[in-house]
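Written out below as C-alpha cells is the structure these notes cover.
In what follows, chains carry the letters A, B, and so on, assigned in the order in which the sequence lines appear, proteins first and then strands, with residues in each chain numbered from 1.
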Amino acid sequence: MDCYTANWNPLGEEAFYRKFELYTMEWGLKEDLRDCLVAAAPYGGPIALLKNNAKKEKSPSTRPLLEIYSASGLLLASIPWKSGQLVQLGWTASEDLLCIQEDGTVLIYNLFCEFKRHFSMGNEVLQNHVLEAKVFHTEYGTGVAILTGAHRFSLTTNIDDLKLRRMPEVPGLQKPPSCWAVLTQDRVTIVLLAVGQDLYLLDNTSCSVVTPPGMSPSAGAYLQMAVSFNYRCLALFTDTGYIWMGLATLKDKFCEFNSTIRSPPKQMVWCSRPRSRQRAVVLAWERQLMVAGNSTECIRFVLDEDSYLVPEPDGVRILSRTSHEFLHEIPEASQEIFKIASMAPGALLLEAQKEYEKESQKADEYLREIKDQKLLPEAVSQCIEAAGYEHEPETQKSLLRAASFGKCFIDKFPPESFVRMCQDLRVLNSIRDYQIGIPLTFTQYKRLTIEVLLDRLVLRRLYPLAIRICEYLRLPEIQGVSRILAHWACYKVQQKDKSDEEVAYAINQKLGDTPGISYSEIAARAYDCGRTELAIKLLEYEPRSGEQVPLLLKMKRSKLALSKAIESGDTDLVYTVVLHLKNELNRGTFFMTLQNQPVALSLYRQFCKHQERETLKDLYNQDDNHQELGNFHVHSSYSEKRIEGRVGALQNAVDEYYKAKNEFAAKATEDQIKLLRLQRHLQEDFDKPYLDLSLHNTVSTLIQDGHHKKAEQLYREFKIPDKRYWWLKISALATRGDWEEMEKFSKSKKSPIGYLPFVEIAVKHHNRYEAKKYAPRVTPEQRVKAFILVGYVGCLSLERQGGTGELEIRLGLMAAGGSWCSSTPRAVGLGYSGRIREALILLLPLGAARGATQTPLFSPHGGK
Amino acid sequence: MASTARRDAPEPPDFGILKRLARDQLIYLLEQLPGRKDLFIEPDLMSPLDRIANVSVLKQHEVDKLYRVENRPAPSSSDQLCFLVRPRVRTMRYIADVVNADKMSGRSRKYKIIFSPQKFYACEMVLEEEGVFGDVTCDEWSFYLLPLDEDIISMELPEFFRDYFLEGDHRWINSVARALQLLNSLYGPFSRAYGIGRCAKMSYELWRDLEEESESDGQGRKPEIGNIFLMDRDMDYVTALCSQVVYEGLVDDTFRIKCGSVDFGPEVTSSDKSIKVLLNAQDKIFSQIRNEHFSSVFGFLSQKSRNLQAQYDRRQGMDIKQMKNFVSQELKGLKQEHRLLSLHIGACESIMKKKTKQDFQEMIKVEHALLEGFDIRESASFIEEHIDRQVSPIESLRLMCLLSITENGLIPKDYRSLKTQYLQSYGPEHLLTFHNLKHIGLLTEQTAGETLTAVESRVSKLVTDRAAGKITDAFNSLAKKSNFRAISKKLSLIPRVDGEYNLKMPRDMAYVFSGAYTPLSCKIIEQVLERRGWQGLEEVVRLLNGSEFAMADGGLEEGAGGDAQRVVLAVFLGGCTFSEIAALRFLGKERGCRFIFLTTAITSSARMMEAMAEAKA
C-alpha cells in the first residue's frame, strides 16, 4: 500500500489528480488517431472511427471505413463508408451514431453499424456546406449544431423532434471563427464564438459582444474554448498561452493560468467531479498533457503517442492507439483514507483491519482511537464510500473488509449502504471487464441509473449479462428480466437463418409465461422484418386475445383477427374487425365471413338495425333467411305512411313467410292486409279512424257505433270464434248502453259462454236491473255467484263508501278479500261466494268496533 | 352453509362507497368541461342519477339547465352541452342531429358526451358516420353499480335481457365483468365462485381475464364477500313468470318499483297528490313486511296500527313535563311511522282492489295448475278466454309463456289458436313479438317425438373450448327445451303438502309462491351452496343444458375467512324478481348466511314480456 499514492499528483494545496489505465487497447490500430474522425460516447460508451476520411481521391480500394469499438477496443461492427463526405461523428444520448455529412445530411446508425434513418439540416446548409459541426446533449435530447460555409450557424436541440433553427448573423464575420461552443442556459441553447479577440454570443434573435470578467487585457486572441459537461463552466485559451476559467454565464471568474505554450492545444476539456470545489481543465498538445486549475503550478504528463480526450462528468478519458486511461480528481473519501499520514477515522480503520489480519494487538489500539472519538460510524461510511471510487477489485475488497470489520463494533449500523455498495461494485466490475468494455465509474453509474445501464447492455445485445444483473439485484420482473427477454426476442426474430418454427419455439421456451411479456410486440417486430408466418406463430402465445387483433388486421389476417376478437369477449374489438372487414372485402365475402361467426353477425345486425336497415335486408337475403326477411318487411310496413305502401310491404312479407314455410305467419299477414283494406273502407264510409285497430277493436267499435251488419260480416269473414264474438259483443253493447239489443242477442241462440258474463257485465256497468234479468238463466253451479253479484256487491260497496278510512275496517275488508293469495292449490276451495260471506261476517264486529273508536286521535290520511 | 346450528346472518358490507365513487367520478367529469353548461340526460339514467347526486350537486358544478334526451330538438341556449347517456346508437343519432343542426345555423358550441357505464365502439362509429366525431369529446362514467338497498345492487341495465338473450348481443358481458372486478376489488377477493349459464360463464371468464391483466392483487385485505354465484335468467324463466305474492313483489307488479322507489298515486295516498316513496331497509314498516306473504301483511299492519294507537293514547294521563318530552322526542317518530303505515295500508287496499277486479284467484289457480302439471286443457281454455276478453295483453302473454315453458312447448293446435286469438285481440304487430318469444324459447311449439336434449347436451359437453362454446352459443336458443317438469321432479320444486301450508311461519322458500312452488333459481343456488359444487346435480345440469362451473381458490381452509364465507353474492344476468330476493333472504335467515344481490336490473314478468314485445316503430 505504500505505493498507493504514487500516481497521485497534487494540484494546489488540496487537490490530487491521478491517471490510471482502464484498458490496453485491443484494436490494433495501424493509423494514427489524428488521421481518423473519432467520436467516443460519454459514460464509457463506444468509440466510432472513420478511417481514410481525409483522402479526397475516392478509389474503391481506399474507401473510408467506419468502425465501432467498445471502450476496450473490441470491434463491434464495421462498414465501408459509401455515402458522402463526412465532417463529424457524434453519439446520441441513446448511443446511436450520428454521421454528419458535408451536405448537411445526418445519417443515424446503431451500435452495430445498421442504418436507422437520416434527416437533413436544411437547405441553407445544403447550399453552403458544413464547415464544422458539433453534437451536444441537453435536457431536450441530443442536438446538432452546424457552422456553414457562409459562416452562419444552424442547430436543432433535439434530433428526435426536428426543429431547425438558424441563428442570427454575426456582423462583419468574414472568416470562420477561431473557435466556438454550444451552451445551454435557462433552457435556451446559445452559441458562443470567438473571432480574434472578440467573443460573441448568439441567441435566438440577436448577436451580442461579451467580455469575460477579469480577463487580462493582454491576453490576446482566443484560440480554443471548452464547456464543462454540465454547461456550467467555461474555459478560454488565448494565443498568449493564457487560460481563463469561469462561469459559462460569463458572470464570474474562477481563476486564470498561464501555460506559456502559445500553440493552440489540440483539445481542451474540463476535468472536475461533481460537488468538488476544485475545477480544472485538461489540455492536450501533440506530446503533452496539462492539468491546469486554481494554482500557479500545473500537472504535466508526457504523451507517448497521439491521444484523444473524452470528457466525462467526473473526469476525462484519454484514448490512444495502445491504451485507454482515466484521469480524475481524487474524491475526498479516498484522500482522507489514503493521504500519507492521514489520521482520518477511515484511514485508522483500514489500518486497524490490516493489523487485525496480522493478528497484532495494534488493531485494538487503532480501533480504540477511533472509538474514543466516537467516529467509528463515520469511519465505516468513509471506507464504504472510498471503495466505490476504486477501480482495482483488490483495493475495493480491502476497503470493504475494513468497513465490515468496523461494523462489528457498532450497535445497529444500518447494513443497507454496505450491501448496496457490494452489489454495485459487483455490477460495475462485471461491466468493466474488457469483454464487455463499459468503464463506468461509480459516480457515472449512479447518474446513469441501473435502468439505463440495462438498456445499454440490451443495446449491445448482452442479454445474458443483463438478465444476470436483474436477477442479482432482484429487480421486479416487469422492469427487469421480462423487458430484457422481450428485447432479446425482438432481436431473435430478426435472425433470418432460422426457420419460423425454430425461432417461435426458442422464444417461447425462454419467455414462457413470464409476466409483462408482450408477445404481440415481438410479433409486431417479426412482421416488420417481413416474417408474417412467424408473427402469427408468436401471436398464438399471446394470452390476451385483445392484443392479437390489431396486428392480425395489419397483417391482413382478418378472419383470424375476427375469431380472436370474438374470443376476447370484447365486443368493441369485434366491431373494429367487422368494420375493417366491411371495407376490405366485397359485400358477398363479407357476409359469408359473418355467417360463420354468429357472435359477430349478431353484433353487426344490432348495428344495422339502428343505422343501416337496408344492409340488414341484404344480410338476410344472402342467408336465405326468409323468416327474418318477412319480419323485416312487416317492420318496415310500420313506417309506411300510405296504405298502399303498407299493403305492399306486407305482401312482400307474405311471400317471404311462404318461402320460409311459415304458413301461420303468412296467413296472419294476409289477414292483416285484408283487415287494412277493410278498415280503409270503413274509415271512408263512417268517417271515423279505424286504421291500426286490432280486429277485436274494429268489430267492437263497429258494434258500439251500431253498425251491427258490418260487424256480423267481419265476424264471418275473419272466422272469429263464437266465444270471442259473444264476449266482444256483449261488452260492446253494454258500453253503448244498448240493453235492448243485448237482450235480443242473448235470445238469438244459446250462449256459448253461458249467461254469467251477462250478469257480470251488467253489474260492471251498474245496471242491476238488467243483471237480474239474466241471473236465472245462469247454470245452477254458477247461479249463487250470479245472485251474490246482483244482490250483495252493491251493499259491500256502500259499506266501503261509508268508511271514513278507519284503519281497522279497511284491514278487515282486505283480510276478507285477501284470501285468494293465501290459497295453496288444494286450499283454493273457499271460492268466490265463500269469500264474500267471510267478508260480511268480518264486517259486522268491525263495524261495531268502528263505533267504539268514533273519535279517532288521528285520521290515517293526515287530516291533522 | 353446512352447519346446522342456526347462526345470525352476517351484516351486509357497506355499499355506500359505490355511490361515493360514482358521484366523485361524475363530478370530476363535469369539471372537465369548465364553465356553465346544460346537461342532457338519458331518461332511464335519471332515476339512477337521482340516487347518486341530486340537482344541487349538479348545480354546484356549473350545470345550468337539465334536459331529457328525447326526440325533440334541444332548446338549450348554453354554449356548452354535456350529454349523459347510455351507449346506444339511437342516442348517438340524436346527439349528431343536435350538432349538425348547430353547424347548419353556423353556431359553434362545445359538446361532451359522457357514456355510462362505458363507451362502445359502435357509438363512435355512428358519430363518425354522421360526421360529428371531431366535434364532440367523449368520456366514460364507470357507473356500473347502483346499490338499491343494503343487500341489492343493480346495474340498471334492463336492456341486458333483450340484448343478450334475444339479439345475441354480447356487449354487456364486458360491463358485467367490469362490475365484478370492481366488487371484487372492494369487497373480495371472492374465494369461491359458482355459476350456471353461458353468459354467466363468459362473464366469469372475462372477469378473470381482467383480474389477471390488472395484476392488482387484493391479497392481505380481509374479504367481506366470500362466495359468488352467477346465474343466467334463461336457466329459470318459470319463476320470473309467476305472479308475485310477497309484498314487495306485489308492489312491484302493481305500481312498478323504479330504482328502489315507487310513486304511490292518489288512490294510495288518499289525497290528490302522488307521493314518491323510497322502499328500502330504512323504512321501518316496509322492512318488516317486504318479504312477507301478502296474506300475513294485513295482520301485521293491523297489529302495528293498534300499537301505534296505544302509543298515542299514552299521552292521555301525562303531565306537562312528560307531554313535553313526548312531543320533543317521540312524536316525530310516531308521526313518521304513522305516515308510512297509512301509505302501506293504502297500497294494500289498492293492490286488493286491482287484483280482485281481474279475478286474480282464478289466475293463481291456473298458474299453480300449470306448475304442477294438471288440468292443462282447462288452463289452456282459461288463457284463451283471458285473451278473448282482452283482460290484459301482458298478462295473457305471460300465461301463454308459462303454459309453453312448463309443458315444453304448446301443442300445435293451441300454438296456432292462441296466437290467432291474441293477434285478433291486440293487433297483428304481435306477430313479431311471437317470433321473438319463439326465438328466446319462451313460447314454442311441441314437435313430435323430439328428444334432442340428450344429444344437445352431449354436443355442448364436447365443445368446452371457449371459442367453440361461443359459436354454439348463438344457436343455443334454437330448439331449446325447458324440461321444466323433469327438473321440477328432480329438485322437488312442488312441496308435498300435508294439510294447509302455514304462510305466517313458512318452512321453506316455497312460501313466496303461496307454498305451491319453490323458485327454481333459488333452489339451484341452495343446492349448489350446500354441496359446494355441482356433484349430485349432474342430471339437473343436463336438463338445464347449462354451462355450469365451480371454482375455489386453492388452499382455502375450512372456516377461514370468517364471516365472509357466509356472504354470497348472487348475480342474476338478465334480472331477478323480488320474489327470488325474498326467497333467498329467507334461505339466508334459515342458514345463517347473507345473500347480496347483483342484478342487471330488477325484473318481473311484465317487464320481461314488454322486453319481448315488438313496438311499432
Output the distance between atom [atom1] ([X]) and atom [atom2] ([Y]), rounded to the nearest 0.5 Å.
{"X": "B:Tyr121", "Y": "A:Thr571", "atom1": "OH", "atom2": "OG1", "value": "12.5 Å"}
{"X": "B:Leu166", "Y": "A:Gln606", "atom1": "CG", "atom2": "CD", "value": "8.5 Å"}
{"X": "B:Ser425", "Y": "A:Leu695", "atom1": "OG", "atom2": "CG", "value": "8.5 Å"}
{"X": "A:Tyr575", "Y": "B:Glu124", "atom1": "OH", "atom2": "CD", "value": "12.5 Å"}

Is [X] close to chain A through its backbone or its side chain, or both, or neither, when contacts mean heavy atoms under 4.5 Å?
{"X": "B:Ile173", "value": "neither"}
{"X": "B:Glu130", "value": "side chain"}
{"X": "B:Glu129", "value": "side chain"}
{"X": "B:Phe120", "value": "both"}
{"X": "B:Thr420", "value": "both"}
{"X": "B:Glu384", "value": "neither"}

Item to complete: Quick one: which of B:Arg88, B:His430, B:Arg416 has the most heavy-atom pairs under 4.5 Å with chain A, could you say?
Response: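 Option with the greatest count: B:Arg416.
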Worksheet item: Which residue out of B:Arg339, B:Lys119, B:Lys419, B:Met92 racks up the most heavy-atom pairs below 4.5 Å with chain A?
Response: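 Most pairs with chain A among the choices: B:Lys419.
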Worksheet entry | Any residue meeting side-chain hydrogen bond (donor to acceptor under 3.5 Å, both in side chains) with B:Gln118, in chain and number order, not counting sequence neighbours |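 For B:Gln118, the residues satisfying side-chain hydrogen bond (donor to acceptor under 3.5 Å, both in side chains) (neighbours in sequence not counted) are B:Asn174, B:Ser175.
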Discussion item. So, using side-chain hydrogen bond (donor to acceptor under 3.5 Å, both in side chains) as the criterion, who are the partners of A:Lys764 when residues are at least two apart?
Written reply: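 Partners of A:Lys764 under the side-chain hydrogen bond (donor to acceptor under 3.5 Å, both in side chains) test: none.
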Kindly give the heavy-atom pair with the smallest separation between [X] and [Y], and that separation in Å.
{"X": "A:Asn631", "Y": "B:His435", "answer": "ND2-CD2, 3.0 Å"}
{"X": "A:Ser602", "Y": "B:Gly168", "answer": "CB-O, 3.3 Å"}
{"X": "A:Arg724", "Y": "B:Tyr422", "answer": "NH2-N, 4.4 Å"}
{"X": "A:Tyr638", "Y": "B:Leu432", "answer": "OH-CD1, 4.0 Å"}

So what's closer than 4.5 Å to chain B heavy atoms on [X]: side chain, backbone, both or neither?
{"X": "A:Leu675", "answer": "neither"}
{"X": "A:Glu663", "answer": "neither"}
{"X": "A:Tyr604", "answer": "neither"}
{"X": "A:Lys609", "answer": "side chain"}

Item to complete: Apply the test side-chain contact (heavy atoms from CB on, under 4.5 Å) to residues B:Arg389 and A:Ser731: give CA-CA distance (whole Å), side-chain angles for both, the deciding distance (0.1 Å), then the verdict.
Response: CA-CA 9 Å; B:Arg389 294 173 59 188; A:Ser731 57; over 6 Å; no
Item to complete: Could you go through the side-chain contact (heavy atoms from CB on, under 4.5 Å) check for B:Asp169 and A:Phe607 one step at a time?
Response: CA-CA 10 Å; B:Asp169 182 341; A:Phe607 177 71; over 6 Å; no
Item to complete: Take atom NZ of A:Lys674 as the centre, draw a 6.0 Å sphere, and report whether it contains more than 12 heavy atoms from other residues, nucleotides or ligands.
Response: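 More than 12 heavy atoms, drawn from other residues, nucleotides or ligands, come within 6.0 Å of this atom.
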Fill in: Residue, of A:Thr576, A:Leu728, A:Thr698, that accumulates the most heavy atom pairs under 4.5 Å with chain B
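Top option by heavy-atom pairs under 4.5 Å: A:Thr576.
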Item to complete: Tell me, out of A:Ala665, A:Ser636, A:Ser700, A:Ala668, who's got the most heavy-atom pairs with chain B below 4.5 Å.
Response: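 Most heavy-atom pairs within the cutoff with chain B belong to A:Ala665.
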Worksheet item: Of the options B:Gln424, B:Glu429, B:Gln390, which is the one that meets A:Ser694 in a side chain to side chain contact (heavy atoms under 4.5 Å, CB included)?
Response: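 So the option named by the test is B:Gln390.
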Fill in: Non-hydrogen side-chain atoms of A:Arg605 and B:Glu167 separated by less than 4.5 Å
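A side-chain contact under 4.5 Å is absent here.
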Practice prompt. Under the side-chain contact (heavy atoms from CB on, under 4.5 Å) rule, what do B:Tyr426 and A:His696 come out as? Steps first, then yes or no, please.
Written response: CA-CA 7 Å; B:Tyr426 300 114; A:His696 185 109; over 6 Å; no
